[in-house]
Protein chains: 2
Amino acid sequence: MSRTTIVPPGIKKRDAIATRASILSAARDRFLRESYASVGLRDIAGDAGVDVALISRYFGGKEGLFRDVLLHGKEGGLFRQPLSATEIPAYLAQLVVDDADENRQHRMEMFIVMLRSASSPQAGEIIRDLVHHDILGPLAEILGDENAELRANMLLAVLMGIGVLRTIMKIDALDGSPRQRAECEYRFRCLFEAALTC
Amino acid sequence: MSRTTIVPPGIKKRDAIATRASILSAARDRFLRESYASVGLRDIAGDAGVDVALISRYFGGKEGLFRDVLLHGKEGGLFRQPLSATEIPAYLAQLVVDDADENRQHRMEMFIVMLRSASSPQAGEIIRDLVHHDILGPLAEILGDENAELRANMLLAVLMGIGVLRTIMKIDALDGSPRQRAECEYRFRCLFEAALTC
DNA sequence: CCATTAAGTCAACAGGTGTTGATTTAGTTC
DNA sequence: GAACTAAATCAACACCTGTTGACTTAATGG
């Protein structure tokens with residue numbers, strides 16, 4: 001659970017940037033679990049312990065809020081840090097499996113938010129832009145040969161597939177022992193490698 | 001475009017099963033393009049050239065309609081026909097790429113409908129049940145060894161990933177020449193094989 | 001201490017949601 | 001052709017949606 005999703009601890013002080021952050025955090029948590037269309041602004045406001053009107057006031061509306069959740073969450077990007085093509089499979093497998101590392105988990109969560117809401121017309125456009133510029137772009141650049149684009153697509157397909165399987169379809173092969181978890185990470189890495197080399 | 005999505009051709013006769021089918025068809029087309037939560041019953045009724053009230057009357061409500069769209073579409077299932085484990089990769093690759101074969105296309109469409117709406121709480125439950133019983137179950141049975149379940153999961157992950165990439169994220173590597181299309185099919189088959197063997 | 005400004009609250013809006021009951025219409029059967 | 005039945009229509013329902021304007025309250029500057 002995040003910092004500010006519960007109603008503020010003591011006396012609520014008047015702090016614009018704090019409530020803004022509180023709304024952003026509550027929205028992130030909601031969009032992480034449901035689709036854009038099925039989340040209401042009143043739900044988010046309730047979680048954040050804030051009046052609904054503030055959302056439209058601070059973010060210009062639901063669409064603006066969603067965009068800010070995504071933009072605020074993309075710090076670091078999925079592929080920003082220096083990463084060679086050969087390291088990618090292992091990196092992605094770890095990203096998918098490891099839910100201890102907070103930083104990794106955060107990156108994966110933003111990915112899930114995108115996956116969840118991509119079918120809502122309004123959110124879809126925002127998401128597709130982001131996927132192109134901030135995921136496929138950097139990824140293709142790392143790969144960097146003639147088939148870079150196509151291979152980036154394959155890689156992303158596998159990543160999305162695993163993400164959907166685990167988080168949306170709730171079919172989680174990772175719910176088992178650490179041993180099973182390790183085997184999964186191996187298989188995932190293997191699959192990512194196949195996406196690159198085949 | 002489907003048969004009955006446009007307003008009926010001539011004089012509309014009073015035919016319960018025909019209008020029922022018309023609603024079902026219009027709903028399928030809508031759910032194929034948007035998520036459960038963002039599709040309104042009045043949209044569907046409009047497409048079908050039918051009064052909104054008939055939907056709740058015939059299907060018991062939005063949820064019932066959605067369930068019927070899925071159940072009606074699962075004729076044949078994704079894996080019903082006799083299929084050996086070794087044939088699966090080629091079969092799935094063909095399923096994904098070939099949009100000429102109407103039967104194949106139909107199966108894939110049902111898959112997309114599920115992918116699109118899985119994040120809406122009400123539709124999600126229906127979908128997850130169906131995925132378990134009608135996709136993962138038969139698939140694991142075909143694979144049939146000790147790691148069947150895990151390998152079925154991997155296979156499904158790849159299938160969903162490609163589906164999301166193409167239809168929801170609208171990143172379609174298949175928009176090119178027949179040559180490029182053939183290469184894609186090869187790569188997909190390769191990826192499905194990796195999901196099974198690794 | 002008062003005035004000013006920003007932050008938060010409240011109520012209402014206009015429009016949309018799924019759903020239901022009463023009513024009318026068309027087709028069938030005697 | 002009249003009676004009956006099933007199909008389709010209409011209007012309204014209670015509720016929820018995002019958004020806006022006017023208002024109240026708290027903090028800050030002079």
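A, B, ... follow the sequence lines: proteins, then strands. Residue 1 opens every chain.
Applying the 4.0 Å criterion to OP1 and OP2 of D:dA8, one finds that B:T19 has a side-chain N or O inside that range.
The environment of A:E141 atom CD is sparse: at most 12 non-hydrogen atoms of other residues, nucleotides or ligands sit within 6.0 angstrom. Crowding of B:E149 atom CD: a count of heavy atoms from other residues, nucleotides or ligands under 6.0 Å not exceeding 12.
Rounded to whole Å, the distance from CG on B:D51 to C1' on C:dT23 is 13 Å. The distance between atom OH of A:Y58 and atom P of C:dT9, rounded to the nearest whole Å, is 10 Å. The CD1-P distance, from A:I55 to D:dT17, rounds to 12 Å in whole Å. Taking atom CG on A:L41 and atom P on D:dT20, their separation rounds to 11 Å, with Å as the unit. Between the CD1 atom of B:I17 and the C1' atom of D:dA8 there is a distance of 16 Å, given to the nearest Å. Following rounding to the nearest Å, B:R20 (CZ) and D:dA7 (P) show an atom-to-atom distance of 12 Å. Here the P atom of nucleotide C:dG16 and the CZ atom of A:R42 are 16 Å apart, to the nearest Å. Distance CZ (A:R14) to C1' (C:dA6): 8 Å, rounded to an integer number of Å.
If you check distances only, the side chain of B:R57 never reaches the base of C:dT19 with a donor-acceptor pair under 3.5 Å.
Without hydrogens or angle criteria, B:H72 side chain to B:D68 main chain gives no donor-acceptor distance under 3.5 Å.
If you take NE2 on B:H133 and CG on B:L136, they are separated by 10.5 Å, rounding to the nearest 0.5 Å.
Of the candidate nucleotides D:dT20, C:dT19, D:dT19, D:dT20 has the atom lying nearest to any side-chain atom of A:A53.
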